[in-house]
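Heavy-atom basis, side chains included; hydrogens, waters and symmetry copies ignored. Everything quoted here is computed from the prediction, not taken from an experiment. One-based numbering, in listed order, for ligands and for the atoms of each.
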Amino acid sequence: WTATRDKNCKLPMPKGSMGFPIIGETCHWLVQGAGFHASRRQKYGNVFKTHLLGRPLIRVTGADNVRKVLMGEHSLVSVDWPQSTSTLLGPNSLANSIGDIHRKRRKVFAKVFSHEALESYLPKIQQVIQETLRVWSSNPEPINVYRESQRLSFHMAVRVLLGFRISDEEMCHFFNTFQEFVDNLFSLPIDLPFSGYRKGIRARDSLQKMIEKAIREKPLCTQGKDYADALDVLMESAKENGAELTMQELKESTVELIFASFATTASASTSLIMQLLRHPAVLEKLREELRNRGILHNGCLCEGELRLDTICSLKYLDCVIKEVLRLFTPVSGGYRVAMQTFELDGVQIPKGWSVMYSIRDTHDTSAVFKEVNAFDPDRFSEERSEDKEGRFHYLPFGGGVRSCLGKQLATLFLRILAIELASTSRFELATRTFPRMVSVPVVHPTDGLKVKFFGLD
Ligand code: HEM
């Protein structure tokens, strides 16, 4: 609230409103969702100031402005999550590390998402997706797609990625506690009984206890490339880099991995299913590609394992996933702090101010996308390649040294989901109209998206 302009800089401050003392414009933001930023951007321009979650903030939109922020990591800006998020994720998380420590931690994490590691997760991911679709299809009632996609991505993170062997009952408790943690990650940093912040801290402590128990009970498998799961790879990679992880580091890394994949993947899966429902021609074109490549035969998925290289070579599938992530980008943006005063779009960003670069608004306002609001996967085809017309117009996974580490894993998951949906499922919207989308904490349909699934047998 007390952040002020840099008097040594002649440039004006960004326009905008700071709202009420302490809470600033937090309530407006929570009520209006994506509309909050859109209305202020229209009023004040691509770089405007506001006050959210207990602190002043400058919100940045547009490829050129975002490029300057992302490429200025470690010189102009540094990571700076809201206090609640930063405390709940912990000091050892990648999200909270800066400079050399961040670079070293990222190197350790990178192996978790290498080609070999992804190849080893693939059959398990496919199996989890197949089982989930079988359960959805055998349910006579419509499925709440967003809620069930959250369970699916949580399952993927906990059982496939981390290899935890926990009972269904423990899984359910783990899931509910994690929900509580995520619901309070972005809260006012006021530590009072019943405050969101206090609830988040309690959820984090219980999560860490459960994780410690699961890690201690987990069989280890760190021989050669036959990785059992990402936690094995992470521990092996840390050893190779000369820094074994302490239990506290492991617990924080685990929470971070689940957090990074949980809400984002669930949001993208729901948007994917919604777009396939809305656009039967796209679904048919996808099936045609699968038939042409021999993956779909006589209306069934061909027996035999899907290979990573085959999945990655499906061009139309790639366009569909890219378009879902453009139009319904799960992460709205990233938080930074100005390390020095700098210029952006003709105004000053004073040292010490928080900066949030916007992904969603940048996609929505980018001039490189023709008919920006239309769902048109072919815009990413080789002939059109609209995303290649300039960097930083398309950035669902962020950019620069902090870009998403799980990008390949997330797209692999979405590709397998689309292949399984196109080849083994029939699905219909169970409501008369499509629901409205809201954007906090991630993009999702207001009613969760009610869909009736049928098997093909
Ligand atoms: C960072 C998006 C899935 C792990 C990021 C960032 C974005 C993003 C935009 C950068 C945030 C910033 O600039 O501050 C997404 C989307 C996903 C997804 C849209 C799904 C569709 C995943 C998955 C994992 C993951 C599945 C891992 C299991 C990470 C990590 C970072 C990150 C570790 C932090 C990187 C760093 O600070 O160096 N993600 N993500 N993400 N993501 Fe993802």
Side-chain angles (χ1 to χ4, degrees), residues 60 66-67 69-74 77-82 85-86 89 92-114 117-118 121 125 149-150 152-158 160-162 229-231 233-234 252-272 321-337 354-360 362-363 392 394-418 439 441-444:
V60 173
V66 169
R67 180 184 51 75
V69 171
L70 288 178
M71 299 320 279
E73 185 80 42
H74 301 326
V77 296
S78 170
V79 74
D80 179 44
W81 289 87
T85 323
S86 169
L89 287 177
N92 297 299
S93 61
L94 200 57
N96 277 330
S97 12
I98 47 175
D100 245 16
I101 298 180
H102 174 253
R103 200 176 43 75
K104 283 189 191 138
R105 287 205 175 122
R106 223 178 131 94
K107 199 169 162 210
V108 169
F109 266 93
K111 206 167 167 190
V112 171
F113 305 105
S114 67
L118 289 183
Y121 312 144
I125 299 178
S149 296
Q150 284 182 324
L152 170 61
S153 55
F154 190 73
H155 194 122
M156 198 252 321
V158 172
V160 177
L161 206 57
L162 301 168
D229 50 62
L231 211 55
V233 186
L234 186 65
E252 287 182 21
S253 303
T254 305
V255 171
E256 184 169 34
L257 278 182
I258 308 177
F259 159 64
S261 64
F262 168 71
T264 50
T265 317
S267 162
S269 305
T270 309
S271 303
L272 169 68
I321 304 297
K322 278 187 173 147
E323 182 65 340
V324 167
L325 294 175
R326 181 190 71 84
L327 209 48
F328 302 96
T329 180
V331 177
S332 63
Y335 292 90
R336 304 289 187 268
V337 63
S354 293
V355 175
M356 188 202 186
Y357 78 88
S358 166
I359 298 176
R360 187 168 309 136
T362 298
H363 286 181
F392 297 96
Y394 180 69
L395 61 159
F397 294 103
V401 296
R402 284 196 175 268
S403 64
C404 178
L405 263 174
K407 172 181 169 172
Q408 307 296 348
L409 176 67
T411 43
L412 175 65
F413 177 89
L414 294 170
R415 284 165 171 164
I416 300 177
L417 178 63
S439 59
V442 286
V443 166
H444 67 278

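- Under 4.0 Å from ligand 1, the heavy atoms of R336 that appear belong solely to its side chain.
- Counting the atoms of ligand 1 from 1 in the order shown, those under 4.0 Å from a heavy atom of H102 are 36 (C), 37 (O), 38 (O).
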Output a table of donor-acceptor pairs, distance under 3.5 Å, between side-chain atoms of residues 328-335 and any protein atom two or more places apart or on a different chain; print 'none' if there are none.
none

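- A donor-acceptor contact shorter than 3.5 Å links the side chain of E256 to the backbone of L94.
- Atom OH of residue Y357 and atom OG1 of residue T362 lie 9.5 Å apart, to the nearest 0.5 angstrom.
- Looking from atom 35 (C) of ligand 1 to the surrounding protein, the closest heavy atom is R106 NH1, 3.5 Å.
- Side-chain atoms of R326 and E323, non-hydrogen and from C-beta on, do get closer than 4.5 Å to each other.
- One finds the NZ atom of K407 at 10.0 Å from the CG atom of L325 (value rounded to the nearest 0.5 Å).
- Rounding to the nearest 0.5 Å places OG1 of T265 at 12.0 Å from CG of L272.
- The distance from ligand 1 to the heavy atoms of I359 drops below 4.0 Å at these ligand atoms: 9 (C).
- In terms of protein heavy-atom proximity, atom 34 (C) of ligand 1 is nearest to L94 CD2, 4.2 Å.
- Residues T411 and K322 are not in side-chain contact: their nearest non-hydrogen atoms beyond the backbone lie 4.5 Å or more apart.
- Around atom 43 (Fe) of ligand 1, the protein N, O or S atoms found under 2.8 Å comprise C404 SG.
- Within the listing of ligand 1, atoms 27 (C), 28 (C) sit less than 4.0 angstrom from a heavy atom of F113.
- Taking 4.5 Å as the limit, every side-chain heavy atom of V160 sits out of range of all side-chain heavy atoms of D229.
- Residue-level proximity to ligand 1 for Y357 is carried by the side chain, the only part with a heavy atom below 4.0 angstrom.
- Note that CD of E73 is 6.0 Å distant from OG of S78, once rounded to the nearest 0.5 Å.
- Judged by distance alone, with hydrogens and angles left aside, the side-chain atoms of S97 form no donor-acceptor pair with the main-chain N or O of H102 at under 3.5 Å.
- In this structure, F413 CZ and S269 OG are separated by 4.5 Å, a value rounded to the nearest 0.5 Å.
- Among protein heavy atoms, the minimum distance from atom 37 (O) of ligand 1 is reached at R402 NH1, 3.1 Å.
- For ligand 1, the atoms lying closer than 4.0 Å to a non-hydrogen atom of P330 are 19 (C).
- Looking only at heavy atoms of the protein, atom 19 (C) of ligand 1 is closest to P396 O, 3.6 Å.
- Listed by number with element, the atoms of ligand 1 under 4.0 angstrom from any heavy atom of L161 are 28 (C).
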